[in-house]
Structure formats: C-alpha cells, structure tokens
Amino acid sequence: AQKVTQAQTEISVVEKEDVTLDCVYETRDTTYYLFWYKQPPSGELVFLIRRNSFDEQNEISGRYSWNFQKSTSSFNFTITASQVVDSAVYFCALSEAETGANNLFFGTGTRLTVIP
Amino acid sequence: AAGVIQSPRHLIKEKRETATLKCYPIPRHDTVYWYQQGPGQDPQFLISFYEKMQSDKGSIPDRFSAQQFSDYHSELNMSSLELGDSALYFCASSSRGMAYGYTFGSGTRLTVV
C-alpha cells in the first residue's frame, strides 16, 4: 500500500536560515509521481513541484531545491535563506500512475514557522 | 491562466441540512478530483471523474454524492450534514496522465453548526 511520511510535524527557524523538510514514501509501483504543495494560512494548496519516478535529477527553483533519491525512497525539500513568507504547512504527496487513478496520497504535513 | 474555480468559498449549514459544492476545472482538463481536509489534517481523496464518468472512489461517505456534467464542471452533494463534515473541500483537475500537472482550486470551507 502507498504511504507518505513526513516525520517533522513542526519546524521553527530564524529568518535567513536554511531548512530541509523530509518526505519518505512507500509504493509498489515503478511509475509514480511525487509532489510538494504549500498551504499558507489562507488555506489554498499551492503547487510547488511534480517529479516522476524516472527523473532523479535534483531541481532548484530560486530559493527552493528538491533532492529525490529512489534508493532511500525520499523526496526532500530545502528552502535556502528562509523568509517569513515561507511560513506555511508543506505537504508531500504521492500518485501511483500504474493504476491510472491519479489521486494523491498526502503526508501529514510539516508546519514551518519562520521567525523574523 | 485559467485556474480551477470552486464555489462557494465559504458555506455555513446546520446539522442535517444539505450542501452542494461546485467545481469548474481548467479548460481541456478531463479529470476532476474531490478532496476533504479536516482541521489540522492532510487532504483525503473522496472521488474522481474522468470524462464525466466516475473513475475512482476514496473515503467518501454514503451521504455524499458527486457527478460531472457535460460542460465538465462537477458538483459534490452532501446530505444529512454532521458536525464532523466541517472541513475544507478541494477540487482539483488534471489532464489524464497528469501531462498538464495537477491543479487545486482555492477550496470551499464548510462549517456545520
């Protein structure tokens, strides 16, 4: 069965610090997608990244970077030089493509607080 | 760019009442998904539709039903509302195989009193 684990429930950092949010997943499929979403206090789910299981290249987008390692079933997310606006709940999610269903299984989220 | 539109944004209902939530997917997206997010919880998949047919079912209560119409908009109907139904309800849309990503609407916050 599929599963997404975000072991860090809450993290607090001081502004300008770097922070890494961990995500570990379980799936029997060889083809799957991994996602990160940001949920600010306003409640919407903001798409950050999608990565398919055949693309293990790390990705950098501005202050955000992602480290995908199939060997450890992890898809970690790093924010460099954190800002107060980064304060939000971050969800990692998995979709198993082989079933064709495409619904997302979410982790329980990590609440990040950036202190000015 | 057009996004997923959900209405209403907020809804307050009393116990045992009925609620209808609407979702307008991104144009040319053929799949619609509904999720429920309780307070402090992660979003849970309820149901999805592909080309107006139900394609997958998650943890959707029997009191809830949904459909997708000919114009691809979808409605989630919730009857005999309970206090525990208070949650954020998200709709998302994608193109089959997620070729064009997976986009969520802003959500409908349902409060049952």
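In what follows, chains carry the letters A, B, and so on, assigned in the order in which the sequence lines appear, proteins first and then strands, with residues in each chain numbered from 1.
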For F35(A), is there any backbone N or O sitting under 3.5 Å from a side-chain donor or acceptor partner on Y102(B)?
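A pair under 3.5 Å: no.
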Is it true that, when you exclude [X] itself, more than 12 heavy atoms of the residues, nucleotides or ligands shown sit nearer than 6.0 Å to its [atom1]?
X       : atom1 : value
I115(A) : CD1   : yes
D71(B)  : CG    : yes
Q57(A)  : CD    : no
R111(A) : CZ    : no
K22(B)  : NZ    : no
K70(A)  : NZ    : yes

Give the table of side-chain donor-acceptor pairs shorter than 3.5 Å for residues 80-89 of chain A, with sequence neighbours excluded, one pair per line with atom names and distance.
from: S82(A); atom 1: OG; to: E17(A); atom 2: O; distance (Å): 2.8
from: D86(A); atom 1: OD1; to: R63(A); atom 2: NH2; distance (Å): 2.9
from: D86(A); atom 1: OD2; to: R63(A); atom 2: NH1; distance (Å): 2.8
from: D86(A); atom 1: OD2; to: R63(A); atom 2: NH2; distance (Å): 3.2
from: D86(A); atom 1: OD2; to: Q83(A); atom 2: N; distance (Å): 2.8
from: S87(A); atom 1: OG; to: V84(A); atom 2: O; distance (Å): 3.0
from: S87(A); atom 1: OG; to: V114(A); atom 2: N; distance (Å): 2.9

In one Ile/Leu/Val/Met/Phe/Trp/Tyr side-chain cluster, 4.5 Å: [X], [Y]:
X      : Y      : result
L48(A) : Y25(A) : yes
W34(B) : F64(B) : yes
Y64(A) : I49(A) : yes
Y24(B) : I47(B) : no
V24(A) : L34(A) : no

Inter-residue atom distance [X].[atom1] - [Y].[atom2], 0.5 Å rounding:
X      : Y       : atom1 : atom2 : value
Q37(B) : F106(A) : CD    : CZ    : 8.0 Å
L46(B) : N103(A) : CG    : CG    : 10.5 Å
S95(A) : Y33(B)  : OG    : OH    : 7.0 Å

Contact class of F91(A) relative to chain B, heavy atoms under 4.5 angstrom
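Contact with chain B: side chain only.
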Contact part of Q41(B) toward chain A, heavy-atom cut-off under 4.5 Å: side chain, backbone, both or neither?
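The backbone, not the side chain.
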So which residue, P43(B), G58(B), A92(B), G40(B), ends up with the most heavy-atom pairs under 4.5 Å with chain A?
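Ranked by heavy-atom pairs under 4.5 Å with chain A, first place is P43(B).
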Residues 104-113 of chain B: residues contacting chain A (heavy atom under 4.5 Å, by number)
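Residues of residues 104-113 of chain B touching chain A at under 4.5 Å: F104(B), S106(B).
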Among residues 82-90 of chain B, which residues come closer than 4.5 Å to chain A, judged by heavy atom distances?
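Within residues 82-90 of chain B, the residues under 4.5 Å from chain A are L88(B), F90(B).
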Using non-hydrogen atoms and a limit below 4.5 Å, what part of residues 36-44 of chain A faces chain B?
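Against chain B, the residues of residues 36-44 of chain A that fall inside the cut-off (heavy atoms, under 4.5 Å) are Y37(A), Q39(A), G43(A), E44(A).
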Do L45(A) and Y35(B) touch side chain to side chain, with heavy atoms closer than 4.5 Å?
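L45(A) does not reach Y35(B) side chain to side chain.
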